[in-house]
Amino acid sequence: MSAPTANRQIARAASTVMAAFVLSNLTGLLRQVLVTRAFGTSGDIDAFSAASTFPDLVFSLIAGGALASAFVPTLTGFLTRDDRKSGWLLSSALMNLVFVLLILTSLLSAIFAPQIVKNILAPGFSPDQQALTTSLLRILLIAPAIFGVSGLWMGILNAHQVFLWPALAPSMYWLGMILGVLFLTPYMGIYGLAWGAVFGALLHLLVQLPAGLRLPAFQYFPTFGLSFPAVRQVGRLMVPRLVGVAVVQINFVVITIIASGQPEGSLAAVKYAWAIMTMPQVVIAQSIAIAALPTFSALFARGEMEQMRASLAATLRGVILLALPATLGLILLRQPVVAMLFERGQFDQHSTDLVAWALLWFTAGLAGHSIVEIVSRAFYAMHDTRTPVVVGTIAMSLNLAFSFIFSAWFTRLGWMPHGGLALANSLATALESLGLLFYMRRRLHGLDGRVWLKGSLVALAAALVMFAVLALWLAWQAGRPSWWVAVGGILRGGLAYGAALLAMGIPEARQFLALAARR
């Protein structure tokens, strides 16, 4: 496979995933709007935010990114050699193992839920709020086992170059929560949102099953496959990644603990701001990373390292061309965007200020998050889970230190301290991206730096044009409704950036227009 062919394959797959992720973001936005209208930044939603942290930890440690980073490259190797029976044996064994482990872990966690909440998740909460968090946690612990099976199907479909249905799965999860808010919370309060999340997890699985069952030579084996070498290989690859995932999740837990001791609404504001920042990050970086992993894995399996280097450089260039304008645009439009999305019902102007403040500092790390998504996938494709884990562990350790330092610093300055948590994340992620690029450059004997560095400079120049247009728009439209300012700013900023790229003769801009026309 030549590098241009690999790039086209990634681009086609990424366009499919991006379109589905745009739908997911819109569905997620509707879910967030309904949740904020119902609960604002109240203590109830703080309890839900804290409770949802632990099931995410359970899922991530046993089946999340750790399994995908080890499973997809190994399965792709079987498919590259046309050994589908071994591929299905590996898939079945891992699915059985993951399901049983998640069931047992969730049951044990439910038994000790009060201790988990009091000592780990929310020691700063009042006794009543801790009791509410405990009840919500026990409901949400139903979801990890469902997500474990669903996550395996995602990896199976992506390895077969089937991207649409896995990419639609997050929309189904949000849909479950939307139904919970609309039909359950009027009678059950915050518990309705928790049961909606469980129903969403089930929809997340069901939307993928039909496509998975139609894959070539489908077989299911009722085995754990402990004697199968590929299962042990996935286990070995997972061990370093598990450490990295554990560090990241512990990081989230510590941030939850810090935010729970800050003024009311701080934890919810951090969660909402993170959700907004990750919308462009998911569409830009995660979609491309998901599409690139099977292609990178196939190139590595065939030993085509020069093509992989060229493909990675082109992918980084494309991600940076999209991430830089999204960063500057969201920083400028953060206040009207938050107000447009959430300012209604229990979500007032103070809530908007809380979320917009955290969003400012989170968005500064958008480009770093995007680079980490791509480069870490390249390491996984090369069956190297250790390097990104070591770099990520160092970065997340710095994140913890920065969180305490910046929160205290912001407090001394008279600023809202939860913004320091967001800044800590952005700075640590920027350092992580630089570390990964350094080691990948050594691994591939270069990264075709001129290709993507030139793209970065062009993106920065075009983004500055967009920044000027948006600054004028905000000054001109001061006092107008937030939806008008936000939507108008997004449209004008996007047009200004696209026009600047076309004027500079950037080939990706012309290719994007051609691809959009074909789609």
Side-chain angles (χ1 to χ4, degrees), residues 24 28 31 47-72 91-117 120-122 133-157 166 169-177 179-180 190-209 212 224 234-235 238-239 241-253 256 271 274-275 278:
S24 174
R31 183 266 315 184
F48 180 87
S49 298
S52 63
T53 301
F54 194 78
D56 290 345
L57 172 63
V58 170
F59 167 73
S60 297
L61 285 178
I62 295 177
L67 189 56
S69 63
F71 170 59
V72 172
S91 303
S92 301
L94 291 177
M95 199 172 299
N96 298 332
L97 283 169
V98 163
F99 184 73
V100 170
L101 287 174
L102 283 171
I103 286 287
L104 294 175
T105 305
S106 295
L107 285 173
L108 191 63
S109 301
I111 293 171
F112 292 100
Q115 291 78 16
I116 292 170
V117 171
I120 299 176
L121 294 181
T133 305
T134 298
S135 299
L136 293 171
L137 174 59
R138 284 174 168 154
I139 296 171
L140 292 170
L141 280 167
I142 300 171
I146 303 172
F147 274 129
V149 177
S150 186
L152 260 296
W153 278 111
M154 269 190 169
I156 293 167
L157 289 167
S171 298
M172 297 298 102
Y173 177 56
W174 303 137
L175 177 61
M177 297 186 73
L179 295 175
I190 194 68
Y191 293 102
L193 182 60
W195 283 111
V198 173
F199 181 57
L202 184 61
L203 294 178
H204 190 281
L205 169 62
L206 293 177
V207 75
Q208 300 180 77
L209 274 180
F224 291 134
V234 170
M238 279 182 63
V239 170
R241 178 63 176 148
L242 281 174
V243 175
V245 170
V247 171
V248 171
Q249 292 301 320
I250 290 170
N251 214 299
F252 283 133
V253 170
T256 298
K271 294 279 187 176
W274 175 260
T278 54

Gap separating the [atom1] atom of [X] from the [atom2] atom of [Y], nearest 0.5 angstrom:
X: L203; Y: M177; atom1: CG; atom2: CE; result: 12.5 Å
X: I190; Y: S135; atom1: CD1; atom2: OG; result: 12.0 Å
X: L137; Y: F48; atom1: CG; atom2: CZ; result: 11.0 Å
X: L94; Y: I156; atom1: CG; atom2: CD1; result: 8.5 Å
X: I120; Y: Q115; atom1: CD1; atom2: CD; result: 9.5 Å
X: W153; Y: L205; atom1: CH2; atom2: CG; result: 9.0 Å

Which atom of [X] lies closest to which atom of [Y], heavy atoms considered:
X: L121; Y: A51; answer: CD1-CA, 4.4 Å
X: A113; Y: T134; answer: CB-CG2, 3.8 Å
X: V98; Y: G148; answer: CG1-CA, 3.8 Å
X: I139; Y: A194; answer: CG2-CB, 3.8 Å
X: Y173; Y: A201; answer: CD1-N, 3.6 Å
X: A197; Y: L140; answer: CB-CD2, 3.8 Å

Stepwise side chain to side chain contact (heavy atoms under 4.5 Å, CB included) check, S91 with F71:
CA-CA 8 Å; S91 303; F71 170 59; 3.5 Å; yes
Test V100 against every option in L97, L102, I103, L104 by the side-chain contact (heavy atoms from CB on, under 4.5 Å) rule and name the one that passes.
L104
Quick one: does [X]'s side chain have a donor or acceptor within less than 3.5 Å of a partner on [Y]'s backbone?
X: T133; Y: V117; answer: no
X: Q208; Y: M154; answer: yes
X: S150; Y: I146; answer: no
X: S106; Y: L141; answer: yes

Tell me, do [X] and [Y] make a side-chain contact under 4.5 Å, heavy atoms counted?
X: R138; Y: P114; answer: yes
X: I142; Y: W195; answer: yes
X: F99; Y: L152; answer: no

